[in-house]
Amino acid sequence: MTTRFQAPRGTQDVLPDMQPYWQAVNDAIRVVTRLHGFRRIDTPAFEYAGVFEKGSGDTTDIVEKEMYTFEDRGGERLALTPEGTPAICRAYLEHGMASWPQPVRLYTTHQMFRYDRPQKGRYRQHTQFDCEILGSTDPLIDAEVIAVLWRLYTMLGIRNIGVRLGSLDDLAPRRAYVERLKDYYRPHLEKLSEDSQRRFERNPLRLLDSKDERDLPYKDAAPKLIDELSPEAKAHHETVLEALGASEIPVAIDPLLVRGLDYYNRTVFEIVPTDDERAQGTIGGGGRYDGLIEILGGPPTPGMGFGSGIERVILEMQRSGVTFDEAAAADVYIVHRAEGAAAAVFGLASKLRSAGIPAICGESNKSMKAQMRGANHSGARFAVIIGDDEFAKGAGMVKDLSGEGEQQQMGIADIPAYLAAKLRA
RNA sequence: GCGGGCGUAGCGUAGUGGUUAACGCGUCUGGUUGUGGCCCAGAAGAUCGCGGGUUCGAACCCCGCCGCUCGCCCCA
């Protein structure tokens with residue numbers, strides 16, 4: 001390799017042109033979370049590795065092969081945050097949020113790090129919008145969390161998406177189901193794909209998720225968890241479904257929906273494009289995790305939340321045709337070519353800015369034509385031109401750039417008030 | 001981690017073995033005496049992703065690496 005630097009694999013620069021999308025997303029997040037009574041929390045970029053090893057599950061791919069784990073100079077094992085939920089639960093415990101009015105509604109936007117092979121919509125560093133509601137088992141909480149995300153996407157102009165909803169039941173009945181599922185698959189094990197043979201041991205629920213042709217014949221007849229839910233989980237699931245219906249959110253039951261994290265129980269969901277079959281289509285997903293806080297050493301505390309990748313959300317916005325007008329860099333551009341005027345020019349710009357008017361000064365060493373071009377490119381509505389003639393009189397020429405270019409001369413001291421009035425009109 | 005496709009100026013492309021790598025957009029400068037947008041002219045800008053090999057000669061063929069991308073795994 002030469003010494004030419006580039007952004008590390010799987011990372012990206014967010015250039016000015018893309019910032020309006022990020023602005024829009026962050027603005028909408030603020031609005032939506034406010035509508036649902038969430039409060040913001042920010043957690044560190046890294047945690048003790050154990051938070052995720054115990055919280056996310058140390059056999060999950062995220063922890064086992066994707067986590068950026070490192071030892072610091074003091075010998076502590078740390079990990080760059082690969083997902084938000086365990087970190088927020090850790091904070092819930094650490095700050096005694098059990099003593100706050102329950103349930104506690106928290107949201108954040110956080111950088112996530114996963115060592116994964118990059119693709120479109122899949123990066124080693126990405127940003128996630130995370131919402132968590134801790135301390136309630138109410139199925140309406142599940143529906144609300146889903147509704148938050150739906151409202152966000154709708155607000156951002158994303159079309160052609162749908163909710164996929166599933167239920168993983170509670171831990172004990174799910175274990176019993178997994179045994180039944182393994183009993184069903186065991187006689188056919190030899191004929192399954194290599195992936196599925198591995199899944200049989202590691203993560204049997206994923207057997208039903210396989211796309212391999214060799215596995216397809218066995219999928220249909222396999223017992224489905226959603227058909228065998230415990231009465232409590234079944235009632236819970238149905239309430240969630242009805243509540244979403246009442247919110248006019250399109251939901252498809254996905255009997256095979258499995259999430260990649262160990263801690264989920266009962267409700268799991270994803271929001272996916274309905275008109276695009278890409279592999280990284282999921283723009284947001286989450287579920288209920290009533291056992292997680294206990295795993296992290298706290299008292300039994302139910303939880304429900306989601307993560308949504310903002311990079312993917314933006315890709316969906318673009319796919320839905322959302323665009324933004326280019327914002328002007330300034331309202332006023334000061335063109336100057338006068339001997340000894342530097343201080344006066346800089347002072348005028350300062351006065352304009354103090355009056356809340358974005359202003360840019362042309363470069364002293366450039367011709368008037370070049371500076372005027374700069375004024376044009378800046379998108380400024382007015383140019384203030386200060387040449388030798390004007391400066392000698394303590395004046396400036398104020399030129400309206402929007403139309404034919406009418407201009408009038410006035411004292412430099414009068415310019416801020418004049419422009420403030422003009423720009424307000 | 002596995003398999004496929006791609007990689008030419010800031011961006012989009014042309015060029016598929018033979019002199020100083022082309023075009024559009026963009027950028028910069030100019031079109032006389034101090035003024036933008038349109039037009040015109042000129043300029044800058046590319047070690048053809050990087051390294052090695054084949055050849056008299058490679059952007060073009062071969063290999064390795066890097067990056068992007070599609071699928072798998074998995075996930076946001």
Worksheet entry | Rounded distance (Å) that lies between atom P of B:rA76 and atom CG of A:L152 | 16 Å
Worksheet item: Just how far, in rounded Å, is P of B:rA76 from CZ of A:R164?
Response: 12 Å
Worksheet item: With both distances kept under 3.5 Å, what pairs with B:rU16, Watson-Crick or G-U wobble?
Response: none
Worksheet item: On a whole-Å scale, what distance lies between the P atoms belonging to B:rA59 and B:rG49?
Response: 10 Å
Discussion item. What's A:D388 touching, base or sugar-phosphate or nothing? Going by heavy atoms closer than 4.0 Å.
Written reply: nothing
Practice prompt. Round to the nearest Å and state the distance from A:D116 atom CG to B:rG67 atom P.
Written response: 14 Å
Worksheet item: Tell me: CD of A:E363 to C1' of B:rU27, nearest whole Å?
Response: 13 Å
Discussion item. Using whole Å, what does the distance between atom P of nucleotide B:rC72 and atom CG of A:D61 come to?
Written reply: 15 Å
Item to complete: Please name the pair of heavy atoms, one in A:H236 and one in A:T137, separated by the smallest distance, quoted to 0.1 Å.
Response: CE1-O, 3.2 Å
Worksheet item: Can you find a donor-acceptor N/O pair under 3.5 angstrom joining the side chain of A:R122 to the base of B:rA76?
Response: no
Worksheet entry | Candidate pair A:F46 and A:F113, rule ring pair (Phe, Tyr, Trp, His ring centres under 6.0 Å), full reasoning | CA-CA 10 Å; A:F46 54 86; A:F113 304 89; 9.8 Å; no
Worksheet entry | Distance between P atoms of B:rC25 and B:rC40 (Å, rounded) | 9 Å
Fill in: Residue met sooner reading RNA chain B from 5', once A:M368 and A:Q125 are mapped to nucleotides
A:M368
Worksheet item: Given the C1' atoms of B:rA22 and B:rG15, what is the spacing between them in whole Å?
Response: 7 Å
Fill in: Nearest heavy-atom neighbours spanning A:A28 and A:M155
CB-SD, 4.0 Å
Worksheet item: Any donor-acceptor pair under 3.5 Å between the side chain of A:K120 and the base of B:rU69?
Response: no
Worksheet entry | C1' atoms of B:rG45 and B:rC11, separation to the nearest Å | 13 Å
Item to complete: Assign A:G286 to base, sugar-phosphate, or nothing according to its heavy-atom contacts below 4.0 angstrom with the strands shown.
Response: nothing
Worksheet item: Looking across every strand, which nucleic acid part, if any, lies under 4.0 Å from A:G284 by heavy atom: base, sugar-phosphate, or nothing?
Response: sugar-phosphate
Worksheet item: Within the structure shown, what part of the strands sits under 4.0 Å from A:G405 by heavy-atom distance: base, sugar-phosphate, or nothing?
Response: base
Practice prompt. On RNA chain B, check which nucleotide each of A:L401 and A:Y115 is closest to and give me the residue with the more 5' one.
Written response: A:Y115
Worksheet, complete the sentence: Applying the 3.5 Å cut-off to both distances, the Watson-Crick or G-U partner of B:rC25 turns out to be B:rG10
Worksheet entry | P-based separation of B:rU13 from B:rG36 [nearest Å] | 34 Å
Item to complete: Report yes or no: is there a donor-acceptor pair, N or O only, under 3.5 Å between the side chain of A:Q407 and the base of B:rU35?
Response: yes
Discussion item. Return the pairing partner of B:rG57 with a 3.5 Å limit on both distances, Watson-Crick or G-U wobble; otherwise return none.
Written reply: none
Discussion item. What is the distance, to the nearest angstrom, from the CG atom on A:D195 to the P atom on B:rC72?
Written reply: 11 Å
Item to complete: Mind running salt bridge (Lys or Arg N to Asp or Glu O under 4.0 Å) on A:D275 and A:R319 for me, showing each step along the way?
Response: CA-CA 10 Å; A:D275 59 344; A:R319 242 167 47 76; 2.7 Å; yes
Worksheet item: Rounded to the nearest Å, what distance is computed from the CZ atom of residue A:R199 to the C1' atom of nucleotide B:rC73?
Response: 8 Å
Item to complete: From the options B:rG34, B:rG67, B:rC68, select the nucleotide whose nearest atom is closest to the side chain of A:Q6.
Response: B:rG67
Discussion item. Taking the C1' atom in each of B:rG64 and B:rC28, what is the distance between them to the nearest angstrom?
Written reply: 40 Å
Practice prompt. Could you check whether A:A370 gets within reach of a base, just the sugar-phosphate, or nothing at all, counting any heavy atom under 4.0 Å?
Written response: sugar-phosphate
Worksheet entry | Base-pairing assignment for B:rU47 (Watson-Crick or G-U wobble, both under 3.5 Å) | none
Worksheet item: With respect to the side chain of A:R114, which nucleotide from B:rU29, B:rG36, B:rA76 is positioned closest?
Response: B:rA76
Discussion item. With a 4.0 Å cutoff (strictly under), does any side-chain N or O of A:K211 reach OP1 or OP2 of B:rG71?
Written reply: no
Worksheet item: Counting only side-chain N and O atoms of A:H377, is one of them less than 4.0 Å from OP1 or OP2 of B:rG26?
Response: no
Discussion item. Looking at A:K369, I'd like to know whether one of its side-chain N or O atoms comes within less than 4.0 Å of OP1 or OP2 on B:rG31.
Written reply: no
Discussion item. Can you tell me if A:R40 has over 12 outside heavy atoms packed within less than 6.0 Å of its CZ?
Written reply: yes
Worksheet item: Any idea which heavy atoms bring A:A370 and A:S367 closest together, and the distance?
Response: N-OG, 3.0 Å
Item to complete: Can you tell me the pairing partner of B:rU33 across any strand shown, Watson-Crick or G-U wobble, with both distances under 3.5 angstrom?
Response: none
Practice prompt. State whether A:R373 places a side-chain N or O below 4.0 Å from either non-bridging phosphate oxygen (OP1 or OP2) of B:rC28.
Written response: no
Worksheet item: Looking for any heavy atom pair under 4.0 Å, which part of the strands does A:S210 touch: base, sugar-phosphate only, or nothing?
Response: nothing
Fill in: Check: B:rG3 base within 3.5 Å donor-acceptor of A:R117 side chain
yes
Fill in: Phosphate OP1/OP2 of B:rG30: any A:S367 side-chain N/O under 4.0 Å
yes
Worksheet item: When you compare B:rG18 with B:rC61, how far apart are their C1' atoms, in angstrom units rounded to a whole number?
Response: 15 Å
Worksheet item: A:Y123 and A:G10: which non-hydrogen atoms are nearest, and at how many Å?
Response: CB-O, 3.2 Å
Fill in: Separation of atom CD in A:Q119 from atom P in B:rA76, rounded to whole Å
15 Å
Discussion item. Could you check whether the side chain of A:N376 and the base of B:rG36 have a donor-acceptor pair of N or O atoms closer than 3.5 Å, going by distance alone?
Written reply: yes
Practice prompt. Tell me the partner of B:rG1, counting only Watson-Crick (N1-N3 plus N6-O4 or O6-N4) or G-U wobble (N1-O2 and O6-N3) with both under 3.5 Å; none if nothing fits.
Written response: B:rC72
Item to complete: Could you work out the separation of B:rC70 and B:rU8 based on their C1' atoms and round it to a whole Å?
Response: 23 Å
Discussion item. Suppose we call two aromatic rings close when their centres sit under 6.0 Å apart. Are A:F324 and A:Y21 close by that rule?
Written reply: yes
Item to complete: Using a 4.0 Å heavy-atom cut-off across all strands, classify A:F129 as base, sugar-phosphate, or nothing.
Response: nothing
Worksheet item: What nucleic acid atoms does A:E404 come within less than 4.0 Å of, heavy atoms only: base, sugar-phosphate, or nothing?
Response: base
Worksheet entry | Distance-only polar pair, side chains of A:Q125 and A:Y68, donor-acceptor under 3.5 Å | no
Worksheet entry | Minimum-distance nucleotide (side-chain atoms of A:E66 versus B:rC68, B:rG34, B:rC74) | B:rC74
